[in-house]
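I have placed the structure first, in the form of structure tokens, so that the comments after it can refer back to it.
Predicted, not measured: the structure shown is a model, and the values here were computed from it. For ligands, and for the atoms within them, numbers begin at 1 and follow the listed sequence. When a residue number appears, it is its place in the shown sequence, counting from 1.
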Amino acid sequence: MSQSIHLTRYLVEQEREHGVITPHLRLLVEVVARACKRISIAVNKGALGGVLGAAGTENVQGEAQKKLDVIANEVLLEANEWGGHLAAMASEEMDTVFPVSENYPRGEYLLLFDPLDGSSNIDVDVTIGTIFSVLQIPPGTAEVSEHHFLQPGRQQVAAGYCVYGPQTQLVLTVGRGVAVFTLDREQGTFVLTERDLQIPARTSEFSINMSNLRHWAPPVRRYIDECLQGKDGPRGRDFNMRWVGSMVADVHRILMRGGVFLYPWDKRDPNKPGKLRLLYEANPMSLLIEQAGGAAIDGTQRILDIVPTALHQRCSVMLGSREEIELLQSYHQPA
Ligand code: P6P
């Protein structure tokens with residue numbers, strides 16, 4: 001019987017054979033994965049678990065929180081604070097950074113997360129997920145503060161998400177490609193089901209919220225218009241469109257079969273660079289996409305090169321199949 005490889009064995013391989021992770025980073029990923037299993041169980045209970053609907057509170061983004069947003073955030077905080085691998089955490093659901101309590105030893109890693117991305121889909125049973133990003137700080141850093149988190153995404157040491165859909169899957173990179181693990185609910189373990197995802201460079205599927213069409217900047221408008229013209233237009237082929245309204249679901253589809261995902265700047269709020277958050281949405285997803293052979297830009301530059309200035313800052317996001325992103329970037333170059 002072929003022996004299936006579980007998450008722990010994969011991480012031990014990465015540590016022992018490739019030296020890409022430390023024992024503390026291995027522990028961090030295992031703890032996050034365990035927390036995601038707990039979140040998956042809560043999500044799957046739905047109304048039967050009394051976890052649907054609004055929490056009656058707002059997060060730092062000014063968005064109404066769902067009960068599951070709060071539950072997922074608390075699960076991740078509780079799971080990660082005692083292990084000695086983390087110095088601090090940051091979350092979409094919390095205004096400021098969360099230093100590990102002085103009751104526990106502090107490690108050299110920072111964990112950032114969107115505990116439950118796609119919340120608007122929770123009550124209608126559409127796929128949602130947890131996104132996480134891991135940064136490093138010099139060991140023994142005394143007081144961790146927000147500026148320690150303001151590192152460009154290329155400095156992430158690990159990134160991933162857990163998608164709560166028909167299956168629960170953990171998608172992870174520790175810097176050597178992208179691996180996919182599917183939750184075996186009978187054993188309660190994440191089993192390796194894809195060892196090295198590669199995104200097709202070419203695609204005929206785009207993902208964008210078309211209701212914002214009239215607000216887009218010209219380069220994005222040109223790109224989408226050409227896709228819509230299909231084989232009679234300059235692209236010479238017909239395109240399909242998908243929009244789940246949950247970044248994790250849309251990006252997972254792109255990682256698994258190719259495509260291009262856009263949430264660009266638009267003129268509804270000109271001072272906002274985009275809707276999605278840089279540190280715990282765009283950066284982890286961009287690292288995964290690049291590790292799988294794709295590309296991720298904000299229109300003109302690589303997302304992973306953006307130097308953050310604020311914990312919850314937003315950015316314009318275009319990511320996926322490399323050929324499409326290169327074309328989009330060319331449309332953003334000055335004429
Ligand atoms: P819109 C979910 O709220 C989210 O942050 C992303 O997961 C998703 O891609 C986007 O917003 C959807 O935004 O404007 O289409 O509802």
Side-chain angles (χ1 to χ4, degrees), residues 36 39 43 52-55 57-73 76 90-94 112-133 159-165 169 171 205-217 220-221 224 241-256 259-270 272-289 294 296-299 303 311-320 325:
C36 289
I39 296 169
V43 166
L52 299 184
T57 51
E58 266 194 5
N59 63 18
V60 64
Q61 330 284 342
E63 295 163 342
Q65 289 177 306
K66 300 280 192 179
K67 286 178 190 167
L68 272 170
D69 282 323
V70 177
I71 291 166
N73 195 60
L76 284 159
S91 166
E92 177 188 90
E93 303 302 334
M94 300 188 300
L112 304 90
F113 46 82
D114 179 355
L116 209 54
D117 174 69
S119 305
S120 59
N121 291 306
I122 292 175
D123 296 352
V124 293
D125 198 22
V126 169
T127 296
I128 50 183
T130 298
I131 309 172
F132 62 92
S133 167
Y161 59 81
C162 196
V163 56
Y164 312 117
Q169 296 188 70
V171 179
E205 191 163 77
F206 66 88
S207 184
I208 194 168
N209 183 333
M210 289 297 289
S211 69
N212 299 324
L213 185 144
R214 64 190 182 282
H215 305 305
W216 296 332
V220 171
R221 182 68 190 265
I224 298 298
M241 194 210 89
R242 286 284 182 276
W243 185 252
V244 179
S246 172
M247 185 187 198
V248 173
D250 284 314
V251 171
H252 188 66
R253 183 190 58 252
I254 285 164
L255 275 166
M256 299 307 281
V260 58
F261 170 92
L262 300 89
Y263 210 115
W265 170 93
D266 69 50
K267 61 186 179 194
R268 286 177 293 174
D269 188 343
K272 241 168 58 171
K275 173 177 184 183
L276 302 176
R277 292 81 174 178
L278 174 62
L279 287 180
Y280 40 79
E281 288 177 332
N283 274 346
M285 291 311 202
S286 298
L287 184 63
L288 288 164
I289 290 288
I297 61 173
D298 67 356
I303 286 175
L311 190 63
H312 297 292
Q313 81 180 61
R314 301 169 190 262
C315 70
S316 173
V317 177
M318 302 170 205
L319 56 78
I325 300 301

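Between M285 and V248 there is a side-chain heavy-atom pair separated by less than 4.5 Å.
The protein heavy atom nearest to atom 15 (O) of ligand 1 is N209 ND2, 2.8 Å. Here the heavy atom of the protein found nearest to atom 16 (O) of ligand 1 is K275 NZ, 3.7 Å.
Remark: ligand 1 and Y263 share an N or O pair separated by less than 3.5 Å (distance only, no angle test). Residue M247 has at least one nitrogen or oxygen atom sitting less than 3.5 Å from a nitrogen or oxygen atom of ligand 1, judged on distance alone. For D250, no nitrogen or oxygen atom sits less than 3.5 Å from a nitrogen or oxygen atom of ligand 1, counting backbone and side chain alike. When only interatomic distances are considered, the shortest N/O to N/O separation between W243 and ligand 1 falls below 3.5 Å. Checking only distances, S246 never comes within under 3.5 Å of ligand 1, N or O to N or O.
With a 4.0 Å cut-off on non-hydrogen atoms, L276 touches ligand 1 through its side chain and not its backbone.
Using a non-hydrogen distance threshold of 4.0 Å, E63 does not register as a contact of ligand 1. Within the 4.0 Å heavy-atom shell around ligand 1 one finds G118.
The closest side-chain donor-acceptor pair between N283 and S133, if any, does not fall under 3.5 angstrom.
Not a single donor-acceptor pair under 3.5 Å links the side chain of T130 to the backbone N or O of C162. Side-chain atoms of E63 never come within 3.5 Å of backbone atoms of N59 as a donor-acceptor pair (strictly under, hydrogens ignored). At distances below 3.5 Å, at least one donor-acceptor pair connects side-chain atoms of S316 with backbone N or O atoms of W265. A distance-only check finds a donor-acceptor pair linking the side chain of H312 to the backbone of M94 [under 3.5 Å].
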ask   = Could you go step by step and tell me if Q65 and E58 meet the side-chain hydrogen bond (donor to acceptor under 3.5 Å, both in side chains) rule?
value = CA-CA 5 Å; Q65 289 177 306; E58 266 194 5; over 6 Å; no
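Distances below 4.0 Å separate heavy atoms of D117 from the following atoms of ligand 1: 5 (O), 6 (C), 7 (O). Shown in contact with R277 at under 4.0 Å from a heavy atom are these atoms of ligand 1, numbered in order with element: 5 (O). Which parts of ligand 1 touch G245 is read off a 4.0 Å heavy-atom cut-off, strictly below it: atoms 2 (C), 8 (C), 12 (C).
Closest non-hydrogen pair, I128 versus D117, comes out as CB-O, 3.4 Å.
Atom CG of N212 sits about 12.0 Å away from atom CZ of R221, to the nearest 0.5 Å.
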